[in-house]
Amino acid sequence: MKIGTKLQLEALDPKTMKNEKYHCKVIDKNKSYLFIDLPIHQRTKRSSFLPLNTKITVTFLDQEKIAHQFESKIVKKGKYRIPTLAILLPAKEQIKKIQRRNFVRIETAVDVAVHSLQNAFSPFTTVTSDISGGGMSIILPQDVSLQQGEKLEATIVLPMHSGENVYITANGEVVNIKEANRRIQLAAVKFIHLDSHDQQKIIQFCFEKQREARQKELI
């Protein structure tokens, strides 16, 4: 893990008793610690000073864009020109490669073409409400009705930071239908068949979106 590596942190909020997600980057490292800048809350986009001894789950991409994860905790403040926190650096064997897991969910609209695998509905196009390496939420057109448990094939267009449009095809299952408001329904879809290379592209896209959000906040 190099200096400048982007990290996602997940920690339990003692007030709400819910897991909250943050993103940050590695400022420095030594044999025992990783020093990170102040985490940015994924939903509020605000800097957060996590208390000492907070247990965290850390997720990052290596140079090959493969996702890895490990458990750690906030142990002290760093002595740098900017506010930093130190987290325990785990042993190499404690860092696990992630295969199929929903761990970075980004609220963003990307184009999706949807087909039924059971001929239960006519094909339609729409956009996502959010997306991650494990699934997505899609906005249902007013003339489309999906049911929980329905199987579908989705072609997803990811506009990468490089300017390239990456096309991903995944099979999914509808796990939930909910109303975003009186006029919009969302279908939550989990991926049940997704090539590992394509999954890593989605993960990379999500990290790029996090970085863009952070840069806009700094500006």
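The shown structure was predicted, so the numbers you read here are calculated from the model rather than taken from an experiment.
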* **Cluster overlap Leu52 with Ile56, hydrophobic side-chain contacts below 4.5 Å** => yes
* **Polar side-chain atom of Thr125 near backbone of Asp111 as donor-acceptor pair, under 3.5 Å** => no
* To do: To the nearest 0.5 angstrom, please state how far the CG atom of Leu7 sits from the NE2 atom of His23.
  => 11.0 Å
* Flag side-chain contact, heavy atom, 4.5 Å: Leu88 against Tyr33 -> yes
* To do: Kindly assign one of parallel, tilted or perpendicular to the pair Tyr22 and His41, based on the angle between their ring planes and the thresholds 30° and 60°.
  => perpendicular
* Asked: Do Ile202 and Leu194 come within less than 4.5 Å of each other through their side chains, counting heavy atoms only?
  -> yes
* Do Ile3 and Phe35 come close enough that some side-chain heavy atom pair is under 4.5 Å? -> no
* Lys73 atom NZ, over 12 foreign heavy atoms within 6.0 Å -> no
* Taking atom CD1 of Ile106 and atom NZ of Lys209, what is their separation to the nearest 0.5 Å? -> 9.5 Å
* To do: Return yes if some donor-acceptor pair links the side-chain N/O of Asn171 with the main-chain N/O of Ile192 below 3.5 Å, else return no.
  => no
* Asked: CG/Leu34 to CZ/Phe70 distance, rounded to the nearest 0.5 angstrom?
  -> 5.5 Å
* Any side-chain heavy-atom pair from Leu140 and Thr126 closer than 4.5 angstrom? -> no
* Asked: Can you list the steps and then say if Arg105 with Ser137 is a side-chain contact (heavy atoms from CB on, under 4.5 Å)?
  -> CA-CA 10 Å; Arg105 183 170 293 272; Ser137 294; 4.3 Å; yes
* Structure fact -> Here the gap from Lys77 atom NZ to Leu38 atom CG, rounded to the nearest 0.5 Å, amounts to 10.0 Å
* Quick one: does Ile82's side chain get under 4.5 Å of Ile27's, heavy atoms only? -> yes
* Gap between atom CD of Gln94 and atom CD of Glu71 - 0.5 Å precision -> 10.0 Å
* Nearest non-hydrogen partners of Ser132 and Cys206, listed with the distance -> CA-SG, 4.1 Å
* To do: Grab the two heavy atoms, one from Lys151 and one from Glu173, that are nearest each other, plus how far apart they are.
  => CE-OE1, 3.8 Å
* To do: Indicate if Tyr80 and Val75 have the same hydrophobic cluster label, given that clusters are the connected sets of ILVMFWY residues with side-chain heavy-atom separations under 4.5 angstrom.
  => yes
* Asked: Under a 4.5 Å side-chain heavy-atom rule over Ile, Leu, Val, Met, Phe, Trp and Tyr, are Ile87 and Phe49 clustered together?
  -> yes
* Do the side chains of Gln204 and Val166 get nearer than 4.5 Å, heavy atoms only? -> no
* Do Ile139 and Leu186 have side chains that get closer than 4.5 Å, going by heavy atoms? -> yes
* Return the minimal non-hydrogen interatomic distance between Val175 and Val189, and the atom names on each side. => CG2-N, 4.4 Å
* Could you pull out the closest heavy-atom pair between Leu9 and Pro39, with the gap in Å? => CD1-CG, 3.8 Å
* Structure fact -> Minimal heavy-atom distance between Met160 and Lys201, with the atoms involved, is CE-O, 4.0 Å
* Asked: What distance separates Gln200 CD from Leu61 CG, expressed to the nearest 0.5 Å?
  -> 7.0 Å
* For Gln118, look at atom CD and say whether over 12 heavy atoms of other residues, nucleotides or ligands are found less than 6.0 Å away. => yes
* Heavy atoms only: give me the nearest Asp130-Glu107 pair and the separation to one decimal. => CB-CA, 3.9 Å
* To do: Could you go through the side-chain contact (heavy atoms from CB on, under 4.5 Å) check for Ser116 and Leu152 one step at a time?
  => CA-CA 4 Å; Ser116 174; Leu152 55 83; 5.8 Å; no
* Asked: Donor-acceptor pair, Glu153 side chain versus His115 backbone, under 3.5 Å?
  -> no
* **Thr169 side chain near Asp198 side chain, heavy-atom distance below 4.5 Å** => no
